[in-house]
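Have a look at the structure below, then the notes.
Proteins come first, then strands; the chains are lettered A, B, ... in the order of their sequence lines, and each starts at number 1. What you see below is based on every heavy atom in this structure, not just the backbone, and it leaves out hydrogens, waters and symmetry mates.
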Protein chains: 2
Amino acid sequence: MRLSNTSQYAINIMVAIAEHKETKLLNAKSISDTFDIPYKYLTRIMPQLVEAKFIISTRGREGGYSLAKEASSISIINILNAVNDSLHASKCILKPGMCDANNKCALHDSWMVPNKSIKIMFNQTTLESITNL
Amino acid sequence: MRLSNTSQYAINIMVAIAEHKETKLLNAKSISDTFDIPYKYLTRIMPQLVEAKFIISTRGREGGYSLAKEASSISIINILNAVNDSLHASKCILKPGMCDANNKCALHDSWMVPNKSIKIMFNQTTLESITNL
DNA sequence: ATTAAATACTACTTTAATGTAGAATTAAAA
DNA sequence: TTTTAATTCTACATTAAAGTAGTATTTAAT
């Protein structure tokens, strides 16, 4: 029951950029150092977050990253979706696909309770709510 | 946010054995067929469940598996522990280790709510509660 | 006794996630 | 204008999980 490294990295990256309040842009090296994210791996995640329109990248010397929109408008689920193909959120916990009502997996009903809690958390938690602004 | 294939397999296997109420023992082939678990992979999981004292194996012709104890005494968390080295249950969602109170990861507090719900479910859900007995 | 049907053991292969390397591109500073 | 510091792109390497194969062992049925 875990989040992939890539997802963990992405969330930490977004938090770092949201919290960065200096005039100089925050660059990949700093983020890599702060969270012990392998630099070369991080620099492959960054373009995905740019592509998702969460951050703006500025290339060249003195370049780096900054938020592209309000921290309050970016929730954890958005970040997860940007780096994972899908969160598996709607998938069943005991089989590859989804359970249908007639043919439920053994944990289907039991899992609904924590799964709902997870979904609510990922949906309602925004960058604003978890950063020191 | 997912359970490993091995964990999923183990839970399905235990449910199948718990629900099996014929005089003939339930064998690996049947379980493999029922849940589309690769036979050879399944036969490497079985000894772990035997080792954990959840099931009894009977070798040789007409052999198979049966529950070693009451279905009510085996909870999901027990099964997960038997096949995973650790469930990561106590680990933090955004870093390899555990957060300490002073140095929390960004999602630490937010994660506590769903995490508690997951723990309760895995601890309180027993084979008895999810099988048709 | 022999055969058949089952579990158990050991080693190997494949796959997807993760991590690494190097070169290209960009743009400010010197 | 050259250098430097940054992002981006593409390809390759490593690792751990998942899957496969073959053989040994066990035991009931024949």
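Using a 4.0 Å heavy-atom distance criterion, B:Tyr65 is classed as a sugar-phosphate-only contact.
The closest side-chain donor-acceptor pair between B:Ser75 and B:Asn78 falls under 3.5 angstrom. Residues B:Ser7 and B:Asn84 have side chains that bring a donor and an acceptor to within less than 3.5 angstrom of each other.
Closest to the B:Arg61 side chain, of the nucleotides C:dA4, C:dC12, D:dT7, is C:dA4. You'll find that the side chain of A:Thr43 is closest to D:dT8, out of D:dT8, C:dC12, C:dG19. Closest to the A:Lys40 side chain, of the nucleotides C:dG19, D:dA18, C:dG22, is C:dG22.
OP1 or OP2 of D:dC12 has not a single side-chain nitrogen or oxygen of A:Tyr41 nearer than 4.0 Å. For B:Ser57, a side-chain nitrogen or oxygen approaches OP1 or OP2 of C:dA8 to under 4.0 Å. OP1 and OP2 of D:dA17 both lie 4.0 Å or more from every side-chain N or O belonging to B:Asn84. A sub-4.0 Å separation between OP1 or OP2 of C:dG19 and a side-chain N or O of A:Tyr39 is absent. In this structure, B:Thr58 does not reach the C:dT7 phosphate: none of its side-chain N or O atoms is under 4.0 Å from OP1 or OP2.
Atom CD1 of B:Ile45 is separated from atom C1' of D:dG19 by 11 Å (rounded to the nearest Å). When rounded to the nearest whole Å, the span between CD of A:Glu62 and P of D:dT3 equals 19 Å.
Between the base of D:dT7 and the side chain of A:Arg59 there is a donor-acceptor pair shorter than 3.5 Å.
Positionally, the nearest nucleotide of DNA chain C for B:Gly63 lies more toward the 5' end than for the other of A:Leu42 and B:Gly63. Residues B:Arg44 and B:Leu26 both approach DNA chain C. Their nearest nucleotides, taken by heavy-atom distance, put B:Leu26 toward the 5′ side.
The CD1 atom of B:Ile11 sits 12.5 Å away from atom CD1 of B:Ile74, with the distance rounded to the nearest 0.5 Å. Once rounded to the nearest 0.5 Å, the distance linking CG of A:Asn5 with OH of A:Tyr41 reads 7.0 Å. For the atom pair CD1 of A:Ile93 and CZ of B:Arg2, the computed distance is 10.5 Å after rounding to the nearest 0.5 Å.
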